[in-house]
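Here is the structure we will look at.
In the text below, chain A, chain B and the rest are named by the order of the sequence lines, each starting its count at 1. Atom set for the values below is all heavy atoms of this structure, side chains included, hydrogens, waters and symmetry mates excluded.
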Amino acid sequence: MTHVLVVDDDPVIADLVAFRLSRLGLRITVETDGEAGLAAIRQLRPDLVVLDWMMPRMNGLEVCRAVREDPDPALAGTPVLLLTAKAQEPDLERGFAAGATDFVTKPFSTRELVSRVTAALPAGSVSV
Amino acid sequence: MRELATDLVLALNWTVFGYVVVLDLTMLLLVLAGARRVAAGRRWKGAEGHDEIFASPLTPAVSVLVPAHDEEAGVLDTLAAALGQRYPALEVVLVDDGSTDRTFQLVADRYALREVVPHPTAALPVDGEVLSVHRATTGDPLTVIRKTSVGRRSDAVNAALNLARYPLVCMLDGDSLLESDALLRVARPFVEDPTQVVATGGVIRTANGALTDRGTVLEPRLSRNWLVRIQAVEYLRSFLLGRTGWADANALLIISGAFGLFRRDLLIEIGGLDPRSLAEDAELVVTLQEKLRRERRPHRVVFVPEPVCWTEVPETWQVLGRQRKRWAHGLGQLLWKHRRMMGNPRYGVVGTVALPFFLLFELLGPVVEVVGLASVVLSAGLGLLDVGTALLMVGLALALGTLLSTTTIAVEEFTFHRYRRGRDLLALLAAGVLENVGYRQVHAWFRLRGLAAALTRRAPVWTAMPRVGFVGGTPLPDAPADAGGQQAAGDQLTRVRS
Amino acid sequence: MTTAAGVALVLGMVLAGLVVVLLLAVGLQHRQRTRTQARDARRRAELMPTVHALLDDDGDDPAPGPHVTSAPALLDELVLDLLPQLRGSDRRVLQRVLATRGVVDRAAADLTARAAWRRGRAATLLGSAAATDHTPALAACLTDRSADVRSAAARALGKAGDPASVAPLLVSLTGPRALPVGVVGMALLDLGIPVLPALRTALTEGSPPARALAAEVLGVHGDPLATSGLLALLQDRWQPTEVRRAAAAALGRIGSPLATAELTQLLATGPVPALQRVAAEALGRIGDPTGIPTLVSGLHATDPGVRAACADALAALGDEGRGRLRVLAIGTSPAGRAALSALDAVATARQWRRPVTPR
């Protein structure tokens with residue numbers, strides 16, 4: 001089963017995202033801070049990470065960079081979707097430079113999120 | 001002769017008693033006024049929308065200036081918290097002010113610093129020699145200045161001001177921890193009223209004992225140290241009385257150095273921080289108010305009544321004594337320097353109310369208290385003391401002081417209630433009583449020495465507080481659960497869905 | 001003496017009594033709060049599935065069912081918390097929930113309440129619920145006697161998104177109960193592209209603060225049709241500095257080379273450094289090489305801010321601008337240092353923009 005990790009420090013948003021994605025037949029794990037998120041990525045090896053930028057303990061960019069620099073090529077290639085309210089031009093630049101696969105900007109739409117998650121995952125992993 | 005002495009001593013006793021009662025009652029009134037305002041803000045916050053300000057392209061960019069001298073214990077935490085602020089556009093300018101420890105090395109390694117040619121945006125005089133300027137190559141908006149120290153924080157801040165690029169500046173102490181949206185909160189008045197607001201400040205609280213991680217406060221807790229607990233009550237009160245009430249009258253004088261936000265162009269206009277002042281930040285606010293009032297330029301100094309910054313306070317009497325002596329010295333310098341404003345209606349409420357208040361209650365308070373104690377001892381020695389009356393007076397003064405502290409804590413519990421553990425609250429209440437016996441008197445002595453230093457124009461000494469760095473920690477799982485994400489840490493909170 | 005002592009005794013006891021009352025109040029409040037919080041958290045958790053189900057509906061116009069209308073009042077709070085984080089169909093669904101539950105009507109009635117916090121809260125709520133049929137009532141609140149309510153009304157008009165609110169918003173910038181520029185600016189930005197024509201008109205017809213703000217917002221939107229109006233403001237020396245500064249910044253953001261001549265003129269002659277800095281920044285954004293000679297002479301300005309802005313602008317002007325900087329980047333003269341520094345900044349930025357690639 002395709003596994004998605006959701007990391008967001010706002011539990012309401014994390015729950016909403018988890019709920020919406022679980023309806024696509026994905027297995028969802030939720031973490032509420034960056035450090036725990038990175039640990040979960042290394043341990044659970046999800047197929048996709050939905051990552052908040054602004055979080056306590058370790059921000060989304062740091063997590064993203066740490067994933068990309070991991071010695072294990074399979075882990076380093078994990079697609080990362082940044083979910084953030086930081087969406088001005090320089091922010092997008094920094095986000096992509098840190099290795100983000102795609103952006104979803106807050107305020108967000110759950111439909112858009114579903115579309116982007118589907119696009120970032122290998123074909124056939126989402127049951128609609 | 002003896003009769004005259006009796007009359008004199010008795011008159012003195014009554015004067016001191018009267019002063020204490022007036023002081024405490026004034027404070028109580030100010031606390032209540034502040035409480036009313038804070039309480040009104042709880043029903044409806046007036047201006048919501050931190051998210052909007054975060055996302056708005058109109059939000060002005062901020063340069064965060066961090067002077068650091070031998071801060072290897074906490075510099076990485078402070079930087080992480082500053083760079084991790086939830087704010088749309090900011091840069092951090094760290095000044096390594098002649099550190100002899102590994103402060104620079106730690107930062108250089110963490111942020112892959114690269115030496116660059118500086119890009120000055122102002123030409124304030126700096127006494128220390130700027131050795132080199134570096135920039136992070138990790139994508140973090142961090143600039144580091146290495147300079148030789150002249151033993152003054154103001155010199156380091158001025159060096160940073162010369163390289164700051166953004167319209168707003170914030171000065172941050174190395175021993176302060178910020179809430180993650182601290183900048184957003186104190187910047188809001190600038191966003192909403194960019195033409196008039198010139199400075200803003202937020203609430204400072206004691207960080208000792210709090211659970212922290214990489215520069216952010218996970219859960220505020222009260223220290224086990226009674227000296228720190230008493231200071232916690234002090235900080236709570238000074239916020240309620242000194243700040244909110246004054247801000248209404250646009251007479252705000254002190255924006256704490258631990259966390260304030262200023263318009264950079266104005267700081268440059270007044271020539272940066274005063275190098276001779278021991279209370280640079282209060283000095284800065286008064287100088288700004290003086291200049292703008294004199295030139296009749298519209299201005300507002302805004303106080304944001306929300307806790308945004310946690311600072312480490314002294315844990316021992318010795319360090320506390322040095323700190324309070326320095327504050328009193330600085331206040332003396334400030335009031336002397338701006339003596340022309342005192343009582344001058346041209347400077348509005350600042351001149352007619354705020355400065356006289358500081359002179360009467362803050363600066364001269366310790367004189368009256370120490371003289372009062374001495375006179376009680378004297379009258380006892382002369383056999384003039386009527387034990388019953390004396391006890392009553394002392395008891396009354398004590399009760400009034402306790403009422404003041406208890407009111408403060410009550411306001412905290414009814415509004416912010418940041419201390420979630422019941423025992424912290426009990427300890428605070430006890431500290432409020434203890435403050436009046438012993439602490440208050442010793443504190444008066446410290447301040448008296450500071451006043452003496454100011455009067456003798458002793459050369460200012462800026463002694464740094466020894467830093468222990470913050471202890472990280474994970475909130476205990478038995479902490480009361482709440483809907484927020486406060487206990488974000490720990491693997492035990494991992495939730496799995498399928 | 002005895003009467004004084006008696007009075008003091010009574011006073012002391014009153015004070016002690018007050019302290020005891022306060023202590024009790026604090027204790028009760030703490031217990032109560034801990035309980036309420038636990039209860040609220042539980043109830044919120046119970047209601048979350050309802051909210052999730054609402055957002056899960058795929059249809060475009062689902063009518064909220066009876067389980068929504070009968071849910072406890074806490075649902076309104078949950079919905080209001082979530083609203084600012086969502087957009088598109090999700091937001092519309094939640095707004096419809098608020099309308100169905102009568103929250104919107106109650107808020108509209110509250111707009112004329114006596115207590116300021118009620119009026120303010122009602123205005124905020126109408127904004128979140130995007131209830132455009134209440135625009136006139138909200139606009140009336142722009143002159144409310146409480147400053148907080150005025151600001152809340154402006155923000156709400158922005159969020160509600162009715163383009164008709166642009167006129168009252170611009171008017172609210174002046175007068176005895178004027179609103180702060182920033183609040184109105186954010187509201188205008190929230191209203192989006194539909195209000196651009198009204199803003200273009202305000203460039204000539206508005207009050208000075210309205211002209212400055214209109215210029216700024218047009219710049220943020222990068223509206224090319226505003227170029228001529230902005231140029232007219234820039235050329236007019238009788239306009240207040242603030243208006244000309246906003247016009248220059250906006251022209252830079254729009255990026256039309258039509259503004260190059262006027263901006264170079266401003267950089268060369270600008271009466272105050274603040275205007276010169278903005279002109280230099282704007283020239284850098286526009287990227288028109290005909291601005292280069294003036295920017296190069298700007299490197300010799302006395303104001304360090306102007307020098308830095310000119311150097312940064314040249315660095316942004318492609319190979320030609322950087323070439324000029326390289327020629328100048330020698331020695332310890334202020335101009336040389338400014339040039340060196342700008343080139344250095346480009347090099348540092350290159351370093352971190354290189355993306356992190358998986359090994």
Worksheet item: What are the two closest non-hydrogen atoms of C:Leu22 and B:Leu403, and how far apart are they?
Response: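 For C:Leu22 and B:Leu403, the tightest heavy-atom pair comes out as CD1-CD1, 3.9 Å.
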Worksheet item: For the residue pair C:Pro304 and B:Ala123, what are the closest heavy atoms and their distance?
Response: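 Closest heavy-atom pair between C:Pro304 and B:Ala123: CG-N, 4.2 Å.
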Contact check, side chains of [X] and [Y], non-hydrogen atoms, under 4.5 Å:
X	Y	result
B:Val116	C:Ser341	no
B:Glu192	C:Met186	no
B:Gln196	C:Pro180	no
B:Pro194	C:Val181	yes

Discussion item. Can you tell me which portion of C:Glu216 sits under 4.5 Å from chain B's heavy atoms? Options are side chain, backbone, both or neither.
Written reply: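 The side chain, not the backbone.
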Item to complete: Return the set of residues passing salt bridge (Lys or Arg N to Asp or Glu O under 4.0 Å) with C:Asp81 (not counting sequence neighbours), or none when no residue passes.
Response: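 Residues passing salt bridge (Lys or Arg N to Asp or Glu O under 4.0 Å) with C:Asp81: C:Arg44.
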Worksheet item: Taking only residues two or more places apart in sequence or in another chain, which ones pass salt bridge (Lys or Arg N to Asp or Glu O under 4.0 Å) with C:Arg31?
Response: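 None.
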Supply the atom-to-atom distance [X] [atom1] to [Y] [atom2], rounded to the nearest 0.5 angstrom.
X	Y	atom1	atom2	value
B:Leu396	C:Leu9	CG	CG	9.5 Å
C:His30	B:Leu426	NE2	CG	8.5 Å
B:Leu58	C:Leu189	CG	CG	4.5 Å
B:Thr121	C:Asp303	OG1	CG	9.0 Å

Worksheet item: Is there a donor-acceptor pair closer than 3.5 Å between any side-chain N or O of C:Arg33 and the backbone N or O of B:Glu413?
Response: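 Such a contact is found between C:Arg33 side chain and B:Glu413 backbone.
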Discussion item. With a 4.5 angstrom heavy-atom cut-off, is it the side chain or the backbone of B:Leu429 that approaches chain C, or both, or neither?
Written reply: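 Side chain only.
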Discussion item. Which atoms of B:Leu425 are under 4.5 Å from chain C, going by heavy atoms: the side chain, the backbone, both sets, or neither?
Written reply: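 The side chain, not the backbone.
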Worksheet item: Picking from B:Leu400, B:Thr59, B:Ile268, which has the most non-hydrogen pairs under 4.5 angstrom with chain C?
Response: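 The option with the most such pairs is B:Leu400.
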Worksheet item: Just checking, is any N or O donor in the side chain of B:His119 or C:Asp344 under 3.5 Å from an acceptor N or O on the other one?
Response: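 Result is no, nothing qualifies.
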